[in-house]
> 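Quick one: this structure, given as structure tokens, is what I'll be asking you about.
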Amino acid sequence: MRGALKMTGNSPMWLLWLAMFVLMTTLDFAWSKYSQATVARRAWAASGYAAAIYAVGALGIIGYTEHPSLIIPGCVGAFVGTFLATRRAH
């Protein structure tokens, strides 16, 4: 965990981990809601989620391309985002 406390540019690594967790939570929440909207044939909602997926996904890719260790909080965020979006879906 020592690497998680290093400085990266002007930001401490723990802050980047937190940001990646939030990004991936948001991304997977949007993916789940996109799938639900598509199945329900709600075109406007699905289109909005698709745009959000593209934007948030691009930020996430930039983050873990520069710092591969960010895949770890990204995976945890993906789990949390999908769980939150689907736990009351049925």
Side-chain angles (χ1 to χ4, degrees):
M1 221 29 166
R2 191 181 295 172
L5 300 177
K6 288 183 182 176
M7 293 293 288
T8 306
N10 293 329
S11 302
M13 196 63 180
W14 69 266
L15 187 58
L16 295 177
W17 276 52
L18 178 62
M20 182 60 74
F21 172 78
V22 171
L23 273 173
M24 292 299 113
T25 299
T26 303
L27 179 63
D28 270 70
F29 185 89
W31 265 116
S32 296
K33 292 298 186 178
Y34 167 79
S35 296
Q36 294 169 15
T38 302
V39 169
R41 303 185 66 80
R42 296 184 342 221
W44 284 102
S47 298
Y49 284 118
I53 288 165
Y54 189 83
V56 174
L59 292 173
I61 290 169
I62 291 168
Y64 64 73
T65 299
E66 292 181 12
H67 305 286
S69 69
L70 293 178
I71 292 172
I72 296 166
C75 290
V76 176
F79 178 90
V80 171
T82 300
F83 179 83
L84 292 175
T86 59
R87 69 184 174 138
R88 293 191 182 144
H90 290 71

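All values below were derived from every heavy atom in this structure, side-chain atoms included, with hydrogens, water molecules and symmetry-related copies excluded. Residue numbers start at 1 and run along the sequence shown.
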> Same cluster or not: Trp31 versus Tyr54, using hydrophobic residues (I, L, V, M, F, W, Y) connected whenever any side-chain heavy atoms lie under 4.5 Å apart?
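Cluster IDs for Trp31 and Tyr54 differ.
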> Check whether any side-chain heavy atom of His67 lies under 4.5 Å from a side-chain heavy atom of Met13, and answer yes or no.
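Yes, side chains in contact.
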> Can you see which heavy atom on Ala37 is nearest to which on Ala46, and at what distance?
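Residues Ala37 and Ala46, closest heavy atoms: CB-N, 3.7 Å.
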> Would you say that more than 12 heavy atoms from the other residues, nucleotides or ligands in this model lie under 6.0 Å from the CZ of Phe21, or not?
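Correct, the count exceeds 12.
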> When rounded to the nearest 0.5 angstrom, what is the spacing between OG in Ser35 and OH in Tyr49?
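Result: 11.0 Å between the selected atoms.
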> In terms of hydrophobic clusters joined by side-chain contacts under 4.5 Å, are Ile62 and Leu16 together?
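No, Ile62 does not connect to Leu16 through the hydrophobic network.
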> Could you tell me which non-hydrogen atom of Phe29 sits nearest to which non-hydrogen atom of Ala85, and how far apart they are?
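Of all heavy-atom pairs spanning Phe29 and Ala85, the closest is CD1-CB, 3.5 Å.
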> Please give me the minimum heavy-atom distance between Leu27 and Gly57, naming the atom from each residue.
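Looks like CD1-N, 3.9 Å.
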> I need the Ile61 CD1 to Leu23 CG distance, nearest 0.5 Å.
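If I round to the nearest 0.5 Å, the distance is 11.0 Å.
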> Using 0.5 Å steps for rounding, measure from the OH atom of Tyr34 to the OG1 atom of Thr38.
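If I round to the nearest 0.5 Å, the distance is 4.0 Å.
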> For a quick test of your reading: what N or O donor-acceptor pairs under 3.5 Å do the side chains of residues 70-83 make, sequence neighbours left out?
{"unit_1": "Thr82", "atom_1": "OG1", "unit_2": "Asp28", "atom_2": "OD2", "d": "3.1"}
{"unit_1": "Thr82", "atom_1": "OG1", "unit_2": "Ala78", "atom_2": "O", "d": "3.2"}

